[in-house]
Protein chains: 2
Amino acid sequence: MPADAAILATQQPCNNCPIRYRAVCAHCESEELDELEGIKFYRRYEAGQTIVWAGDRMDFLASVVAGMAGLTQQLEDGRTQMVGLLLPSDFLGRPGREQAAYTVTATSDLLLCCFRRKPFEELLRSTPRIAGRLLEMTLDELDAARDWLLLLGRKSAREKIASLLVILARREAALIKRRPQGRIAVELPLTRDAMADYLGLTLETVSRQMSALKREGVIELDGKRRVIVPSFDRLVLESGEDSDGGPLS
Amino acid sequence: MPADAAILATQQPCNNCPIRYRAVCAHCESEELDELEGIKFYRRYEAGQTIVWAGDRMDFLASVVAGMAGLTQQLEDGRTQMVGLLLPSDFLGRPGREQAAYTVTATSDLLLCCFRRKPFEELLRSTPRIAGRLLEMTLDELDAARDWLLLLGRKSAREKIASLLVILARREAALIKRRPQGRIAVELPLTRDAMADYLGLTLETVSRQMSALKREGVIELDGKRRVIVPSFDRLVLESGEDSDGGPLS
DNA sequence: CGTGCATTTGATGCCACTCAAGGGGAGTGG
DNA sequence: CCACTCCCCTTGAGTGGCATCAAATGCACG
């Protein structure tokens, strides 16, 4: 664990937490929440910081409260693939396994709500509502990973970029229970390099395709890390998907 | 559901089931097993048959007892990506969701141990040992999907083929709690086309790379669907991985 | 105003795709 | 027993999309 990760005291009450109804605690009643409250603490990371290295012991589990992190895998010759995006409400860590399987890096400034491992695992055993929610979230993550398989295996560079923007827009909108539509802005809390790692491309190709999409009016750039999408439908079209994104869940 | 899927009566006892200690029922005590036994029935599919189409209602959940199936996703223009391999002991279907998210096809002759949805979901609520095992298996699947992301995003065609063979060899060996080593044989219950769908390649590329690996002595072919691997270590080397495959779990 | 980093843009090459033709084995029917 | 067919697989030639190598640009910060 990096020494410079700021550890904050437990002080934010769960009640007005921005991820209260989407995170692992979503289904909890107030007394279960009290138990969680007792074992939680906050940690803050800066963009670029590594939270754990693959293979390291990890003595806490956590929910992402704000910001973004990436799970990364590597081949020994250095080729890198991001294998998971952690956005607000996503869960970090695996109960029952102390060794981290992936390197986790903050791609933007990040706030985690952490739970000490042992007490959390105990809660998991005693609280079906938490265990059930975790299963639900894990199944959703599996679905997301499978969509990503389709992207990596079969989509063109252009479609990959468009798909990433669609996903980020949908996740951002989901937090406020809306569906993206019309003209929208999308935060891009990633460097071009991180985008490339996520999309299975090189950073040059990412840059070129971003330029192409901009040239053709599919997107507009507001700085490097903010994208304006004049027509969300057009973007979805470019992503190669037919579906409308399914239920709001 | 295809009309020609053979439905067999419940007759096989769970006790000497080949997947008794790896499937969703792995942790069950005998009385829990009795409950499962009461809601289970067997179904047999032939190679090539589709078990469910994406979007169809699915009124059962199941464990793969023998054979192999694939989860498949498609873009509207027909590009196809397999997003999951179901091998013996793997679980099929998602509790709490009746609509299948993916098309499921038997890639070889297949035997499923099916559970009616409603009673199974009830058991899941009342039996932490089953729910816990399902969470564990889902997390494992997520790990497998993430390894697959690395493969699709960053590996060469040659490495992809080698990786697939490594995975099949490991899964085959895991059923008998061994670790593949030295000279081994690997069953390949897939057409070249299905391999291509899984690896994000074309069938021509699969065929060419198989030929290349054969030419160079990494593999020998015994018919089209059986591969002899003279040196498993060599194969792992070709797959681009460094690791030894982790614990036997 | 210089330094450093992220990003963009350009030139070239290669790996895997596409299109096309041919081979081999299993099953069927004469 | 052989001819025919179908399906799966192999092999070949040519192309194109993305990677690689290289250099320039923009922007933040001291």
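In what follows, every chain begins at residue 1, and chains take the letters A, B, ... in the order their sequences are listed.
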Student: What I want to find out is whether B:Lys155 reaches B:Glu241 closely enough, with some N-O distance under 4.0 Å, to be called a salt bridge.
Tutor: yes

Student: Salt-bridge test for A:Asp143 and B:Arg94: reply yes if a basic N is under 4.0 Å from a carboxylate O, no otherwise.
Tutor: yes

Student: Rounded to the Å, how far apart are A:Met195 CE and C:dA6 P?
Tutor: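 One finds 15 Å between P of C:dA6 and CE of A:Met195, rounded.
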
Student: In whole angstrom, what separates A:Leu203's CG from C:dC5's C1'?
Tutor: 12 Å

Student: Salt-bridged, A:Glu238 to A:Arg234, with N to O below 4.0 Å?
Tutor: yes

Student: How close do A:Ala101 and A:Ala54 get, heavy atom to heavy atom, and via which atoms?
Tutor: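 Closest approach of A:Ala101 to A:Ala54: O-CB, 3.8 Å.
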
Student: Please check the phosphate of C:dA6 (OP1 and OP2 only) for any side-chain N or O of A:Arg225 closer than 4.0 Å.
Tutor: no

Student: In this structure, how many angstroms lie between the P atom of D:dC8 and the CG atom of B:Leu188, rounded?
Tutor: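 After rounding, the reported distance stands at 15 Å.
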
Student: In B/S/- notation, 5' to 3', how is nucleotides 11-26 of chain C contacted by protein heavy atoms closer than 4.0 Å?
Tutor: B----SSBB-------

Student: How many whole angstroms separate atom CE of B:Met210 from atom P of D:dC9?
Tutor: 9 Å

Student: Do you know which two heavy atoms are closest between B:Gly240 and A:Leu75, and how far apart they sit?
Tutor: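 Where B:Gly240 meets A:Leu75 most closely, the heavy atoms are O-CD2, 3.5 Å.
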
Student: Looking at A:Arg79 and B:Glu159, is any side-chain nitrogen of the basic one under 4.0 Å from a carboxylate oxygen of the acidic one?
Tutor: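 Yes, charged N to carboxylate O under 4.0 Å.
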
Student: What is the nucleic acid contact for A:Ser211, judged by heavy atoms within less than 4.0 Å: base, sugar-phosphate only, or nothing?
Tutor: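 Sugar-phosphate, no base atom in range.
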
Student: Find the distance A:Leu151:CG to D:dC18:C1' and express it as a whole number of Å.
Tutor: 15 Å

Student: Rounding to an integer number of Å, can you tell me how far A:Asp193 CG sits from C:dT8 P?
Tutor: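 That distance rounds to 12 Å.
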
Student: Give me the one residue out of A:Val24, A:Leu87, A:Val65 that meets side chain to side chain contact (heavy atoms under 4.5 Å, CB included) with A:Ile19.
Tutor: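 Exactly one option meets the side chain to side chain contact (heavy atoms under 4.5 Å, CB included) with A:Ile19, and it is A:Val65.
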
Student: At a heavy-atom distance below 4.0 Å, what parts of residues 213-222 of chain A sit against DNA chain D?
Tutor: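 Heavy-atom contacts with DNA chain D come from no residue of residues 213-222 of chain A; none.
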
Student: Output yes when A:Arg146 and B:Glu141 qualify as a salt bridge under the 4.0 Å nitrogen-oxygen rule, no when they do not.
Tutor: yes

Student: Sequence neighbours left out, cut at 3.5 Å: what donor-acceptor pairs do the side chains of residues 187-201 of chain A make with other protein atoms?
Tutor:
from, atom 1, to, atom 2, distance (Å)
A:Glu187, OE2, A:Arg226, NH1, 2.3
A:Thr191, OG1, A:Asp193, N, 3.4
A:Thr191, OG1, A:Ala194, N, 3.0
A:Arg192, NH1, A:Lys224, O, 3.4

Student: When the distance from CG of A:Asp77 to C1' of D:dA19 is rounded to whole Å, what number comes out?
Tutor: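 Spelled out: CG on A:Asp77 to C1' on D:dA19 is 14 Å.
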
